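To start, the structure itself, in C-alpha cells.
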Amino acid sequence: MITVRFPDGLNREFPKGITGWEIAKTLSTSLAKEAVAVRIENELWDLTRPIEKDVAFEVIKRPSEIGLDVLRHDAAHVFAEAVKELYPETQITIGPSIQDGFYYDVFREESFTPEDLKRIEERMHEIVNRDEPVTREVWDRTKAIDFFKSQGELFKAEIIADLPEESEITLYRQGNFVDLCRGPHLPSTGKLGHAFKLMKIAGAYWRGDHNNPMLQRIYGTAWSNEKDLQTYLTRLEEAEKRDHRKLGKEMNLFHMQEEAVGSVFWHPKGWTLYRLLENYIREKISAEDYLEVKTPQLLDSSLWEASGHWDKFGENMFIVKDEDKTLALKPMSCPCHIQIFRQGLKSYRDLPLRLAEFGACMRNEPSGALQGLTRVRSMVQDDGHIFCREDQIKEETRKFCLLLLNVYRELGFEEIIVKFSDRPPVRAGEDEVWDKAEAQLEAGARASGLSYTLNPGEGAFYGPKLEFILKDAIGRDWQCGTLQLDFVLPERLDASYIGEDGKKHRPAMLHRAIFGSLERFIAIFIEHYAGKFPLWAAPVQAIVTTITQEGDAYAEKVFEKLQAAGLRVEKDLRNEKINYKIRELSLQKIPYILVVGKREAEDGTIALRKLGGEAQEILALQDVIDKLESEAIPPHKRKLME
RNA sequence: GCCGGAUUAGCUCAGCUGGUAGAGCAACUGAUUUGUAAUCAGUAGGUCGGGGGUUCGAUUCCCUCAUCCGGCACCA
C-alpha cells in the first residue's frame, strides 16, 4: 500500500501501482470526469501513470489554468497527428501550449493554405472521435534518435540529440502517431473534446534564429468547452473593434499612406489628442524639475561615430549626403543632450541635471516590423536624460519610477508589466561598474515599491534597464516607458563635472521616457479606451445639436457659452432627424451631446446625453457648463482643486 | 529582412471556372422641420494597388514591384 496526501491535508491509503485517474474516481465521478492530469509531488503526471510510492497528490481539473495547458498541448498533438495523416511529407518540430491555445511549427516544402487548415481541422475532429488511447513510453536516446531519423523527422532527431544527458526521453503514442514529449497528456484523444479551432498560418524560424530555415507555424485555440471557445472568439472580435488603426480612421484622428511609410499624418482631432497628452506629460515633468530643450534633427556622422551609434545602430539610421559631409537623421536624442550638458563647466552643484525633449527621431525599421502607430519610422519620444553623481542614481531612479507609475495610473492603466534587464553577455564597462549600476538601479526601483520580473542578460550594452510594458487590445506587449542607466556615453562623448574635490568627474546618465513614443502611447491609449476617451482628453468634448431649426439661435448661444468656458465644443445644426444625428454623433464617440429644441430654448435648459448612456438629463445651461468644466479637469490638476 | 494572406467607389465589402464591374453607407440635389442610435426620392462617383506577360479578350491566369494585415527575426 502507499499513502496519498491530498491538498486538504488528509491522507489515504491506496494499493501500490494505482493510477491518478483511479484515485480521482474514488473521490467523485464528476471529479474523475473533469480530471485531465494529476500533480504528483511537484510534477504533472498522466492520469494513467501508476503511482508506486507515498506522494502528495492533486487532481488537475479541465478548466483550471494548468488543465487548459494540458488540453492545449493535447490539441497540438492531435494537430500533428492530423497533419501527418494528411500530409505525410511534413516534418514536425515543436508544438507548445501558449496563452489561449497552442501552435505547432512544421516543415514542408509546400505552403499550407487556409483550405488545408480546414481539412486538418476536420481530421482533428475525426481523431477526437476515434478516441485513440494515449500512452507514455520511455525510450533509449539513441534508439529514439534513430527512430525519428528513420521516419524522416530530422528536426525531432536534432531536438533529442540536444537534450541534456540526464534527461529521460519520453514518447507519447496515439494511434499510429508517436511524438517526443515530456507530457502529461490526456488518457485518450476523445478527452480533448471539440472546443478547438485552427486560427492562422505564420512563419517562424527554426529555433528562433533567422539564419535557420523558416518553418510554418500554425496557431490554434483550444478550450475546456464549446461555450468558452465561443466566448474567446467573441472577445477577439470585440478586441478588433478597438484597434487604433480602425478607430483612427473612423474617428478621423490620423492616417498613413504609401508615400510616407511609417510616418503619421495627424488630423485635427488626432493632433488635439496628441497635444493634450504632450502637454500633460510636459506639466508632469516640469513639476519634477526637468528642463525642456530642443536639439537638431540632422547631425554630422562624426558625432554618431563618437557616440558608437554609427557602429551599433548604423543600419537603422537614415543617412543624408551634403556636399562633402555625411549627415544622419537622429534616431535618438541622447548624444544631443550631452552636447548641451557639455556647454560650459558643470559643477557637482548643478547635479542632478534633468534635460527633457519631445525628440523627433527617425529610425529605418525593418519593413516587416512596421505596424500602425505602435511601430513607426518617424516618432517623437518624451525623452529625458538625467545627469547625476553615482550616489544620486538610487534616488533619481526612485523618483522616476514613482512619476511613471503615477502617470500610468492617472491615465487609467492598471496593468503594467515591469522588467528589470541586467548585464548582457556582450557589454561595455567593468564588472565592478555593472555590479554598482545594477545594485543602484534595483535599489531605486525597489524603493519606489515597484514589483518587476527579472529579464536576465537583456540589458543594453551600456547599462541595465527597467522596461515598462503595456498591452494593446489583442494582448500584445509594447514597451512604452523605460529607464536605462549608462556609464558609457558620458565617457565616449566626454561629459564631465567638477566635484567637491575640485577634480573632473564623469556623471552617470539616466535615459528615461514615460510614454516611450507619443505615437505608440497614443495607440495604446486609443485601444485602452476603445476611443471613448475621458473628457479631458477627448478631442471634441461636446456637441450642440438641434431638433428643428427653431432651436438654431439658442444652439448658437449655447455653443458660444461652452466655447467661452474653454470647452472643445462643436455644433450640428443640420436639418436631419434627431435620431439620425444622435446615432451619428454617438458613433463618433463624442462624450456629450447637448440637444436643444423648442422647450430647452424657452426654459434656458439643455437635454444632456452622455456617451453610452440610455437616457438624457434636463439641466440648466449653467449647470451643464459647470458639470463639464469640472469633469474636464485633467487628472493631475484634479487633486489640487479638491 | 523572412513566411503566409490581402489590395475593387470616400468607407465597408460582393464579383464561381477569363467576355472591361455591383451593393450598403457617405457625398451632391430636391422633398421633409422631425424630441434621443439610420426619413424618402434622385444624381454623380471606379485605368479593379503600379508595371510587365499569356490570350482575340485579363479585375479574374502568370511574373514582378509597392503597400497593408498576421506571425517570425529585429526593437540600441
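Note: hydrogens, waters and symmetry copies are ignored here, and every other heavy atom, side chains too, is used. Here is how names work: the chains are called A, B, and so on, in the same order as the sequence lines, proteins then strands, and each is numbered from 1. Fair warning: this is a prediction, and the values are worked out from it, not measured in the lab.
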Task: With L594(A), the side-chain contact (heavy atoms from CB on, under 4.5 Å) member among T545(A), T546(A), L562(A) - done: L562(A)
Task: Qualifying residue for side-chain contact (heavy atoms from CB on, under 4.5 Å) with I582(A), from L585(A), N579(A), I578(A) - done: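 Output: one option passes, namely I578(A).
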Base, sugar-phosphate or nothing for [X]? Non-hydrogen atoms, less than 4.0 Å.
X: Y103(A); value: nothing
X: E258(A); value: sugar-phosphate
X: A202(A); value: base
X: R609(A); value: base
X: G208(A); value: sugar-phosphate
X: L215(A); value: nothing
X: R245(A); value: sugar-phosphate
X: G372(A); value: sugar-phosphate
X: K581(A); value: nothing
X: A460(A); value: sugar-phosphate
X: I578(A); value: sugar-phosphate
X: Q371(A); value: sugar-phosphate
X: R574(A); value: nothing
X: A607(A); value: base

Open item on the list: For a side chain to side chain contact (heavy atoms under 4.5 Å, CB included) check, start with the C-alpha distance between Q541(A) and V569(A), then their side-chain angles and the critical distance, and finish with the verdict.
Closed with: CA-CA 6 Å; Q541(A) 296 172 310; V569(A) 59; over 6 Å; no
- [ ] For the residue pair T397(A) and Q440(A), confirm or rule out a side-chain donor-acceptor distance under 3.5 Å.
- [x]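 T397(A) vs Q440(A): no donor-acceptor pair found between side chains.
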TODO: Please say whether more than 12 non-hydrogen atoms of neighbouring residues, nucleotides or ligands are located less than 6.0 Å from CD in Q99(A).
DONE: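 No - once you tally the heavy atoms of other residues, nucleotides and ligands closer than 6.0 Å, there are 12 at most.
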- [ ] Count the heavy atoms of every other residue, nucleotide or ligand shown that sit under 6.0 Å from CD of E315(A), and state whether that count exceeds 12.
- [x]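 For E315(A), atom CD is not crowded (no more than 12 foreign heavy atoms under 6.0 Å).
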TODO: Please say which of F461(A), Y462(A), W304(A) ends up in a ring pair (Phe, Tyr, Trp, His ring centres under 6.0 Å) with H309(A).
DONE: W304(A)
Rounded interatomic separation in angstrom, taking [atom1] from [X] and [atom2] from [N]:
X: I474(A); N: G70(B); atom1: CD1; atom2: C1'; result: 8 Å
X: Y580(A); N: G35(B); atom1: OH; atom2: P; result: 17 Å
X: D105(A); N: G71(B); atom1: CG; atom2: P; result: 14 Å
X: N364(A); N: G1(B); atom1: CG; atom2: C1'; result: 11 Å
X: L236(A); N: C69(B); atom1: CG; atom2: P; result: 18 Å
X: Q484(A); N: C75(B); atom1: CD; atom2: P; result: 12 Å
X: R217(A); N: G5(B); atom1: CZ; atom2: P; result: 18 Å
X: Y104(A); N: C3(B); atom1: OH; atom2: C1'; result: 19 Å

Between [N] and [M], how far apart are the two [atom1] atoms, rounded to whole Å?
N: G45(B); M: A27(B); atom1: C1'; value: 9 Å
N: U20(B); M: U60(B); atom1: C1'; value: 11 Å
N: U59(B); M: A14(B); atom1: C1'; value: 13 Å
N: G1(B); M: C25(B); atom1: P; value: 41 Å
N: A58(B); M: G70(B); atom1: P; value: 35 Å
N: C3(B); M: C61(B); atom1: C1'; value: 24 Å
N: A26(B); M: A38(B); atom1: C1'; value: 12 Å
N: C48(B); M: G18(B); atom1: C1'; value: 14 Å

Open item on the list: For R506(A), is there an ion pair with E491(A) - N to carboxylate O distance below 4.0 angstrom?
Closed with: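 Between R506(A) and E491(A) there is a salt bridge, with a charged N closer than 4.0 Å to a carboxylate O.
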Please give the nucleotide sitting opposite [N] as a Watson-Crick or G-U wobble pair, both distances under 3.5 Å, or none.
N: A27(B); value: U43(B)
N: U67(B); value: A6(B)
N: C72(B); value: G1(B)
N: A14(B); value: none
N: A37(B); value: none

- [ ] Identify, between G203(A) and Q616(A), the residue whose nearest nucleotide on RNA chain B lies closer to the 5' end.
- [x] Q616(A)
TODO: Please figure out whether K312(A) or P114(A) has its closest RNA chain B nucleotide nearer the 5' end.
DONE: P114(A)
Open item on the list: Centroid separation under 6.0 Å, is that true for the rings of Y87(A) and F112(A)?
Closed with: yes
Is there a donor and acceptor pair closer than 3.5 Å between the side chain of [X] and the base of [N]?
X: Y205(A); N: G71(B); value: no
X: R375(A); N: C74(B); value: yes
X: E600(A); N: G35(B); value: yes
X: R207(A); N: A73(B); value: no

If you check every side-chain atom of [X], which of [options] has the closest atom?
X: R520(A); options: C75(B), U36(B), G70(B); value: C75(B)
X: I547(A); options: C3(B), A38(B), G35(B); value: G35(B)
X: V595(A); options: C74(B), U33(B), U36(B); value: U36(B)
X: S367(A); options: C75(B), C2(B), G1(B); value: G1(B)
X: A369(A); options: C75(B), C68(B), A73(B); value: A73(B)
X: S111(A); options: G4(B), A66(B), U39(B); value: G4(B)

TODO: Going by the salt bridge (Lys or Arg N to Asp or Glu O under 4.0 Å) test, name the single residue among R207(A), R217(A), K156(A) that passes it with D105(A).
DONE: R217(A)
Task: N/O (side chain, K598(A)) to phosphate O (OP1/OP2, U33(B)) under 4.0 Å - done: no
